[in-house]
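Read the structure below first, then the notes.
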Amino acid sequence: MSRLEVAPEQVPAEGSRSLIRHEGKSLVLFNLGGELYAIDEGCPHNGASLFSGRLNGRLLQCPAHGLRFDLATGCVPGVAGFGVATYAVERQQGHCFIDLSRPRPQESLPCLQLQ
Ligand code: FES
């Protein structure tokens, strides 16, 4: 399970999101201005679904307790070493793929940046 092809009907339109389930894993795929971001559905704090979280730019707010995650890095701005896993998304010749082999964040440095 390293590279998942997203079914065309599951690729979200601009400004929307979709829930992707694959081999026991749940991901949310966001389309922000044509840019696709994939994260784990479960909040790393206490497991709430991030699918319905409110977006402010690239920051997604968990509906349970309000932690905010940067969709690009998975980090909580201002907090080191804690974040939601994100996955690289590629588009190739009209197909969309999520790379499940290397979830991020793998380093805490970007999490230190305040926004
Ligand atoms: S479960 Fe997401 S902030 Fe607590």
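Whatever order the structure lists ligands and atoms in, that order sets their numbers, starting from 1. Here the structure is a predicted model, which means the values were calculated and not measured.
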Original post:
Are Asp99 and Arg3 ion-paired here, with the side-chain N under 4.0 Å from a carboxylate O?
Top reply: no
Original post:
Judged by modelled atom types alone, do Arg54 and Gln61 share a side-chain donor-acceptor pair under 3.5 Å?
Top reply: yes
Donor-acceptor list for residues 30-44 side chains, cut-off 3.5 Å, not counting sequence neighbours:
residue, atom, partner, partner atom, Å
Asn31, OD1, Gly34, N, 2.8
Asn31, ND2, Pro12, O, 3.0
Asp40, OD1, Lys25, NZ, 3.4
Asp40, OD1, Tyr87, OH, 2.8
Glu41, OE1, Ser26, OG, 3.4
Glu41, OE2, Ser49, OG, 2.6

Original post:
Excluding waters, which protein N, O or S atoms are within less than 2.8 Å of atom 4 (Fe) of ligand 1?
Top reply: His45 ND1, His65 ND1
Original post:
Got a second to check how far Leu29's CG is from Cys96's SG, nearest 0.5 Å?
Top reply: 5.5 Å
Original post:
When rounded to the nearest 0.5 angstrom, what distance separates CG in Asp70 from CG in Leu60?
Top reply: 10.0 Å
**OP:** Can you establish whether the number of heavy atoms outside Glu9 located under 6.0 Å from its atom CD is more than 12?
**Re:** yes
